[in-house]
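We name chains A, B, ... by the order of the sequence lines, and we start the count at 1 in each one.
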Protein chains: 2
Amino acid sequence: MTTGAGQTPHRRRAGNGAARRIDADEIGLDTLVGHAGYAVRRFQIWIFQDFIKTLEEVDIRPTQYSVLTLIGANPGLSQMAVAKRLGIERARLVHLLDSLEERKLVKRIKSKSDRRSHALHLTTQGETALAKFKRLAAEHERHVEQKLGKANRERLLQILAGFT
Amino acid sequence: MTTGAGQTPHRRRAGNGAARRIDADEIGLDTLVGHAGYAVRRFQIWIFQDFIKTLEEVDIRPTQYSVLTLIGANPGLSQMAVAKRLGIERARLVHLLDSLEERKLVKRIKSKSDRRSHALHLTTQGETALAKFKRLAAEHERHVEQKLGKANRERLLQILAGFT
DNA sequence: TATTGTTATACTCTATAACTATA
DNA sequence: TATAGTTATAGAGTATAACAATA
């Protein structure tokens, strides 16, 4: 708590220039190892990269996937509702939907009850595509399971269930 | 696996315009609830926001904190070594260090053994400042503990230990 | 030839603010 | 007046590529 050297041995020869080659895996993280945020950030980078790579053939990224899944399960949602539910800025969702609409996966339908808002739906093509995306996403999830172990993955989901 | 409706009841009146007001917390996430990546992303957003807010008075963000902590525990590291260890692009680290050097927290010293590289050190001021940052970061970590529970936070750190 | 630090570019994402058309 | 969608801008963060100095 005081000096900050702690559990990290200083692997260098002297206090001035770097004297010898230091491998990445022998550099101590000091207090970072006790921060959940650090571990979570590193894990999130890994998991997103695996998701992107696993769904590369269909060119769908995590946020796009979450939007499509939400609309697929709740057709007719407004943009505001989707943005709030997923924690996306509504300004950002506009561009996400522009791209998904160009790809004919989603359509915006003017709401009759509130003419300011759009009811969001998957196209028929979008429903078919989403089914494939879900199969690939399930494959990605198996990678996660292999990486963490089955029990750990389930524990993780339980621990973080409150943030979804 | 086929249609995608699954565990999510469709809370709307008809297939066209949105018929009634839907609250955010009653929108089902469908298969997203089974994705570790989704939960992790939402949690990471929460935890980073708390970190940023808790260290707002000293204007230090998570990445800056990780760089300072690493240099503090391993003085003399090169920029390449820091970038590799933390998974930051070396091009990005240049700007991060520019800003930390302007604030007199870090200094770049030309290495004598390899004149291409810089040995990174905290300034005296940087060491004092880092001690304060660590106290605030510990306070942030207590917020995490309050949010997750003590046992869950520790389990989370164990599960993700391999990604640090 | 390869590596370190640097500069530059592009794209994603977050955070705002302001505008329009509606309510 | 407030809200839904849109447009625009600025700042992080990520991903590349290219360059100078040095190995």
Seminar exercise, completed: Shortest non-hydrogen pair, A:Ile71 vs A:Leu122, comes out as CG2-N, 3.9 Å

For this session: Would you please classify the geometry between the B:His143 ring and the B:His140 ring as parallel, tilted or perpendicular, with 30° and 60° separating the classes?
Result: perpendicular

Problem set entry | CG on B:Asp98 to CD on B:Glu102, rounded to 0.5 Å | 6.5 Å

Exercise. Does A:Ala36 have any side-chain contact (heavy atoms from CB on, under 4.5 Å) partners at least two apart in sequence or in another chain, and if so, which?
Worked result: B:Ile47, B:Glu141, B:Val144, B:Leu156, B:Leu157

Exercise. In whole Å, what is the span from the CG atom of A:Leu86 to the P atom of C:dC13?
Worked result: 13 Å

For this session: Answer whether the closest heavy-atom distance between the side chains of A:Gln49 and A:Ile45 falls below 4.5 Å.
Result: yes

Seminar exercise, completed: Of all heavy-atom pairs linking B:Ile60 and B:Phe51, the shortest is O-CE2, 3.9 Å

Exercise. Between B:Arg142 and B:Asp50, is there a salt bridge with N-O shorter than 4.0 Å?
Worked result: no

Exercise. Taking OP1 and OP2 of D:dT6, is either one under 4.0 Å from a side-chain nitrogen or oxygen of A:Gln79?
Worked result: yes

Problem set entry | Interatomic distance, A:Arg61 CZ vs D:dG13 P [rounded to whole Å] | 17 Å

Please write out the pairs of protein N or O atoms and N or O atoms of nucleotides 20-23 of chain C separated by less than 3.5 Å, giving the distance to one decimal.
from   : atom 1 : to       : atom 2 : distance (Å)
C:dA23 : OP1    : A:Arg115 : N      : 3.2

Seminar exercise, completed: So, with a heavy-atom separation below 4.0 Å from DNA chain D, the residues of residues 88-103 of chain A are A:Arg90, A:Ala91, A:Val94

Seminar exercise, completed: Separation of C:dG5 atom C1' from B:Arg108 atom CZ, nearest Å, is 8 Å

Exercise. How many Å lie between CZ on A:Arg41 and P on C:dC13, as a whole number?
Worked result: 16 Å

Problem set entry | Distance, rounded to the nearest Å, where B:Leu77 contributes CG and C:dG5 contributes P | 10 Å

For this session: May I ask you to check whether B:Phe43 and A:Phe163 place their ring centres under 6.0 Å from each other?
Result: yes

Problem set entry | Residue mapping more 5' on DNA chain D - nearest nucleotide basis, A:Met80 or B:Gly87 | A:Met80

Exercise. In whole angstrom, what separates A:Gln49's CD from D:dG13's C1'?
Worked result: 13 Å

Exercise. Expressed in angstrom and rounded to an integer, what is the separation of A:Ile45 atom CD1 from D:dT14 atom C1'?
Worked result: 9 Å

Problem set entry | Sole residue of A:His118, A:His121, A:Glu101 in side-chain hydrogen bond (donor to acceptor under 3.5 Å, both in side chains) with A:Arg108 | A:Glu101

